[in-house]
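The structure appears below as structure tokens.
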Amino acid sequence: MPVDVAAEVLTNRPLSADYNVLALRAPEIARIAAPGQFVMVKAGLGHDPLLRRPFSVFEILRDRDGSPSGLSLLNKRIGPSTALVYSAGPGQRLACLGPLGRPFSLVEPPTEAWMVAGGVGLAPFLTLAESLRARGVRSTLFYGARRGEELFCLNLFQDLEVALTLTTEDGSAGEHGRVTAPLERDLASRAGASPVVIYACGPEGMLAATAKIAMRYGRPCQVSVERVMGCGLGGCYSCVVPMRTDRGGFHHVRSCLSGPVLAGDQILWE
């Protein structure tokens with residue numbers, strides 16, 4: 001069950017003029033959060049903004065004895081709510097509800113995990129990489145951004161022995177182009193008998209392209225969708241996603257309940 005806590009800000013680490021990592025003390029949430037789940041956060045005390053904002057759990061923070069003590073958020077400043085999260089200071093308290101949503105399904109060796117991240121879509125993958133490493137699963141991160149200075153926290157993935165394939169749209173770091181290009185190239189060169197599961201999070205166009213590539217090569221694909229959410233509990237229906245039915249039609253599911261992690265081949269992308 002999700003819990004609602006007044007989470008104390010521990011640290012606020014700026015990554016750039018628009019990105020930051022905010023660490024919160026929230027042991028009640030950290031103890032039960034699974035990779036791919038999210039929290040609903042309200043940073044301000046007033047009515048502007050009125051509603052909370054969804055954030056993937058980026059890190060699970062631990063005390064010296066290894067006990068979960070809190071979590072961190074990877075934030076991009078794009079509006080009033082994210083601006084408040086960007087400027088939050090140590091000691092400030094944020095309303096934090098979670099963990100929420102359906103998490104990633106983890107694989108076991110010898111299956112490999114290929115994570116595909118675009119921009120702030122990196123957020124759910126650090127906890128996933130940590131859990132996969134504990135299971136002995138080999139992991140690769142395909143990570144794309146607009147420019148090299150927006151490829152963040154690479155050392156955290158390297159510490160977990162995750163192989164990195166990087167792309168930038170301006171060619172300033174890694175391969176020049178979209179992150180789906182090396183993904184498709186590597187899938188095409190891989191033997192069909194070698195099991196791979198693809199996990200993806202990022203802009204809608206990237207998710208659609210990744211899911212279609214995975215289907216083309218017969219690989220399972222789990223996507224974490226990004227939707228505007230008013231409550232995170234299924235009451236407002238603002239986060240619906242069209243999904244295919246067995247009879248060839250479609251129906252809408254609430255991504256805060258059925259997701260945010262959904263089967264890529266079941267989403268109606270067009």
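All values below come from the heavy atoms of this structure, side chains included, with hydrogens, waters and symmetry mates left out. A quick note: this is a predicted structure, and the numbers were derived from the prediction, not measured.
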Step by step, work out the side chain to side chain contact (heavy atoms under 4.5 Å, CB included) result for Ser69 and Arg25. CA-CA 6 Å; Ser69 60; Arg25 180 172 297 281; 4.1 Å; yes

Let me check something: do Phe55 and Leu94 share a hydrophobic cluster, defined by ILVMFWY side-chain heavy atoms less than 4.5 Å apart, either directly or through other members? yes

Side chain of Gln222, backbone of Ser105: donor and acceptor closer than 3.5 Å? yes

Mark yes when over 12 heavy atoms from residues, nucleotides or ligands other than Arg93 sit less than 6.0 Å from its CZ; otherwise mark no. yes

Are Phe142 and Trp114, when compared by the centres of their aromatic rings, separated by less than 6.0 Å? yes

Which heavy atom of Val225 sits nearest a heavy atom of Ser255, and at what distance? CG2-CB, 3.7 Å

Are Arg219 and Asp265 close enough, and set up right, to give a salt bridge (Lys or Arg N to Asp or Glu O under 4.0 Å), and what steps lead you there? CA-CA 10 Å; Arg219 304 296 189 173; Asp265 61 348; over 6 Å; no

Taking Ser56 for its side chain and Phe38 for its backbone only, find out whether a donor-acceptor pair lies under 3.5 Å. no

So with a 6.0 Å cut-off around CZ of Arg146, is the heavy-atom count from everything else above 12? no

Minimum heavy-atom distance Ile60-Pro68, with the two atoms named: CG2-CB, 4.1 Å

Donor-acceptor pairs under 3.5 Å, side chain of residues 117-135 to any protein atom, not counting sequence neighbours: which ones?
{"from": "Thr127", "atom 1": "OG1", "to": "Pro124", "atom 2": "O", "distance (Å)": "3.3"}
{"from": "Ser131", "atom 1": "OG", "to": "Thr127", "atom 2": "O", "distance (Å)": "3.2"}
{"from": "Arg135", "atom 1": "NH1", "to": "Glu108", "atom 2": "OE2", "distance (Å)": "2.4"}

Any chance CG of Asp246 has more than 12 other-residue heavy atoms, nucleotides or ligands included, within less than 6.0 Å? no

Quick one: does Tyr143's side chain have a donor or acceptor within less than 3.5 Å of a partner on Phe152's backbone? yes

Among side-chain atoms of Ser16 and Asp18, is any donor-acceptor pair under 3.5 angstrom? no

